[in-house]
Each structure stands twice: as structure tokens, then as C-alpha cells.
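Remarks on the structure that follows.
Values below: all heavy atoms of this structure, side chains included; hydrogens, waters and symmetry mates excluded. Order of the sequence lines sets the chain letters (A, B, ...), proteins ahead of strands, with each chain counted from 1.
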Amino acid sequence: MAKMHVKLNVNGAEVEGLAEPRTLLIHFLREQLSLTGPHIGCETSHCGACTVDLNGKSVKSCTVFVAQANGAKVTTIEGIANADGTLHALQEAFREHHGLQCGFCTPGMITRAYRLLQENPDPSETEIRYGISGNLCRCTGYQNIVKAIRAAADELNASREAAQ
Amino acid sequence: MIPGSFEYHRPDSVDGAVALLNEHGDEARLLAGGHSLIPMMKLRMAVPSHIVDLQAIESLHGISEEGGEIVIGALTTQHEVLASALLAGKCPILPEAAALIADPQVRYCGTIGGNVANGDPGNDMPAIMQALGATYRAVGPNGSRDIAARDYYEAAYFTALEENEVLTQIRIPTPAAGHGAAYEKQKRKIGDYATAAAAVILTMDGGRCSSASIALTNVAATPLYAEAAAAALVGTDLGEAAVDTAVRLAEEITEPTSDGRGPADFRTHVAGVMVRRAIARAQKNAG
């Protein structure tokens, strides 16, 4: 089948490539763009390890064709850090609060938490748990992930207030 | 887990989508949110050679009220259903149910049109649409027609929609102000289909039930509109005897399969429990 020309904005940069329409977004990101932060976990849209931000929504990139994402804006874990290279508050909080053990789920978990905090900057613990219910972690028991997201929310809110 | 090859189309109008379906027949499949179709394609249970992506068709988006009907564009996502102030006020069973579907990432993609259209017996919205008395608008080469949700489902994945038709809208008679509704779903975990689920919509008048409808999810090859069960509630005060009768009548029409969610008998029992809980909560919500 003929390849199609696709053009996306990924982590702020315009990228182009040739791909079969059936190529899954996760494969395009990892294999053509060498963005190996988003992981392939279950490949069945359950685990959330492949989560990326697509046009302002968290999506499981194993269940999106690159053809569907043609023309879209994508953010992966590689694009989450601050412009000056310092870690994003979420990344910092995951480190500080030990929000990971093996780290396999972490890129998807942080990318999802990033969108959650954009939509709800002051989530309760219940809202955090519901908000990350599409991301599985088999190590931590989630306690420290929830703590880290809550701490990042506090940090982001404090710096927003300081800026005003 | 690589799907078969296909040619990709992204029409910007319903007519354009219909023309593609007409041209390619059963070789073509419509793609909305993709969260039913893409998993099926990965398993090669679906191997379409043409994919018609509906995302660029603006007229398929949005939730509005038009002269006594709530109109939901087929491409409205579950996330948008969940966030809709109009639905929260006038038809709260829809956001309530959307919150029980899959997980946040899937709800950003999954559409209400896809959920009702594809005939997967595990989907939650079809039974709710039957309970609400909704109709689906289908557009084909010869114009549009409306199909009642209660007549739409023929067997698992077989529906009244023709190969060259696009389901464009869901039209719901605006439920009476003061109606009570509830959707009770038992599932094993986030992202699972229901072991059994029940939608109940009723109105109360002076302590008596003046109208009721009940429908069931995932306990047969299609959603089940439980007409006799609902009729057993009308005119009663929803006392124990009436509810027992409704639960029994609902259980009687179930035909679940035994699967990982439990043996058939258990799933029928759970359906009855869901009906009982949904009646109680709908009654509480009425008024």
C-alpha cells in the first residue's frame, strides 16, 4: 500500500515523514522520530504507557493511526520539560516523591498527569485517581504517584500565584 | 498487532463520506474515535481496505436542543458528553454513563455515535438510548432517515444501518423536567465492559410512578428494551412487590453468555441487581 506524506508538530517542531496509513502513532514516534519516551506496553489501549498529548487531549498512541494525526500537534514526554531544560514540576515531583520504581509507566503517567492538571489545576486525591485510571503501574501501588501529582499541582499553583 | 493495509480518506462533508461508502461498499469502514475499530483491525477481525475518517466533518460535532429534542452529533466524544452542561441539566443519565465508560484517554477519542452505531453488545449507550426513546439519523445516497434505537440492533455487530449510510445524529426527546434516571453498571475494573448494567428512567406523580422505561446492557447479543419490566412499575408506588416483579421480568429476557465476567446465571442475577438499584436511585433522583 502506498505510503502517505504526513506532517505533524511534535514537541514544538514541524516534522514530516512518509508512512503507511496503518502505521500506529506510537510506532511513527518511536521508529521514525526516535522518540522512545512513550512506551509500548499492552498495545491494546489498556495500560496507558504510550500516552501522548494530541491536540490538547491525552490519547493512547497505540490506538491512533498516524494518518489520523496528520496535521496535529503532539506532545510526548520529551516535550514536557521547561524551555530552559529544567525538569517540569511533575517530573521533579515524581523524583522527589518516588513516584516510580521500574519507570516503564512513568512517561505515560506524567504525560497524562500534565493534561489532567491543565484541565483541573487543583484536583482532589479522588480526582487524581480517576484522572489517571487509564494508566497502569504494576510497581508502586499508585500511592506515591498520587502524592507526586498532588505536590506538582501545589508547586504549579504556587508559581502561578507568584507570577501574578 | 499491526492492522491490515488500507487507503485512508478524510472527507470534509457527510455527502463526501457517503460517496466513499457507496463507491467502496463493504471494503470501506467509517472511523470516528477508532477505539472499537482499531483494536478489531489489530486482531484482523476487521480488515477494511478503505478507512473513511470522519474527523474533519464539522457538522457531526456538538450538543444542542431543538424544539423538544436533544440533538447530539455523532462525533461528540464521551469526554464532551461528560462535560456538557446541557446534558447535566436535562439528560443527566448520559454524563453519568459516560463517566463509567473506559478511561480518560479512551473518552477523549471514543464518540457517542460510534458507541451506538457499531452494535457491540458491550457498549453502554445503546441501552440508554432505548430507555430514552432516542432515534438515530442515518444519511445515505438517497437522503436521510430516522431509525428508533429500539429497532436498530439486530444481532451482535448487526444493525439496521446500511453499508452506505452514516449515522449522523442521535435525537432524544427531552426527558420530562423532574424525571429520575439512573444507570447502574457492574464491571470488574476500569475499562471493562459490564458484567450487566441497567438504565432506568421514570417520572413520579404524587408518590406514584407515572411512566417508566428500563433497558439492559451486555446480557444478550443486543441491548434489551425491558418493556414488560417497566410496565410493572407504572401506576405503583414502587413498593417491594412492584420492584420484585420488574426485576423478575427483566431477568427473564436476558440471554447472557458465560464468559470471564461470570457464568450466564450469575450475569442474569447481576442484571436483576442492577435493575433494582437503578430503580431505587432513579426514584430518589425524581422530583
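Within the 4.5 Å cutoff, the side chain of B/Val106 has no heavy atoms near those of the A/Val59 side chain. Under the 4.5 Å side-chain criterion, counting only non-hydrogen atoms from C-beta, B/Glu7 is not in contact with A/Pro21. In this structure, the side chains of B/Ile2 and A/His27 come closer than 4.5 Å at one or more pairs of heavy atoms.
A donor-acceptor pair under 3.5 Å is formed between the side chain of B/Tyr8 and the backbone N or O of A/Ala67. A donor-acceptor contact shorter than 3.5 Å links the side chain of B/Gln55 to the backbone of A/Gln68.
The contact between B/Ala99 and chain A is made by backbone and side chain atoms together, counting heavy-atom distances below 4.5 Å. For B/Leu37, no part lies under 4.5 angstrom from a heavy atom of chain A.
Sequence neighbours left out, the pairs with a member in residues 28-44 of chain B that pass side chain to side chain donor-acceptor pair (under 3.5 Å) are B/Ser36-B/Asn118. Listed by first and then second residue, the ring pair (Phe, Tyr, Trp, His ring centres under 6.0 Å) pairs involving residues 48-84 of chain A are A/Phe65-B/Phe6 (not counting sequence neighbours).
Considering CZ of B/Arg107 and OG of A/Ser133, their distance stands at 6.0 Å, rounded to 0.5 Å. Taking CD of B/Gln105 as the start and CG of A/Asp53 as the end, the distance is 10.0 Å to the nearest 0.5 Å. Atom OH of B/Tyr108 sits about 11.5 Å away from atom CG of A/Leu54, to the nearest 0.5 Å. Put simply, CG on A/Asn135 and CD1 on B/Ile190 are 11.5 Å apart, with the number rounded to the nearest 0.5 Å.
Chain B forms the most heavy-atom pairs under 4.5 Å with one residue out of A/Ser45, A/Gly48, A/Cys62, and that residue is A/Cys62. The choice from A/Thr44, A/Asn70, A/Val64 that makes the most heavy-atom pairs within less than 4.5 Å of chain B is A/Asn70.
Residue B/Lys187 qualifies as enclosed at atom NZ: its count of foreign heavy atoms under 6.0 Å is above 12. More than 12 non-hydrogen atoms from other residues, nucleotides or ligands lie less than 6.0 angstrom from NZ of B/Lys189.
Checked options A/Arg129, A/Arg112, A/Lys60; the residue passing with B/Asp103 is A/Lys60 (criterion: salt bridge (charged side-chain N to carboxylate O under 4.0 Å, His left out)).
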Intermediate values then yes/no, side chain to side chain contact (heavy atoms under 4.5 Å, CB included), B/His79 and A/Glu119: CA-CA 12 Å; B/His79 179 78; A/Glu119 290 183 354; 3.7 Å; yes
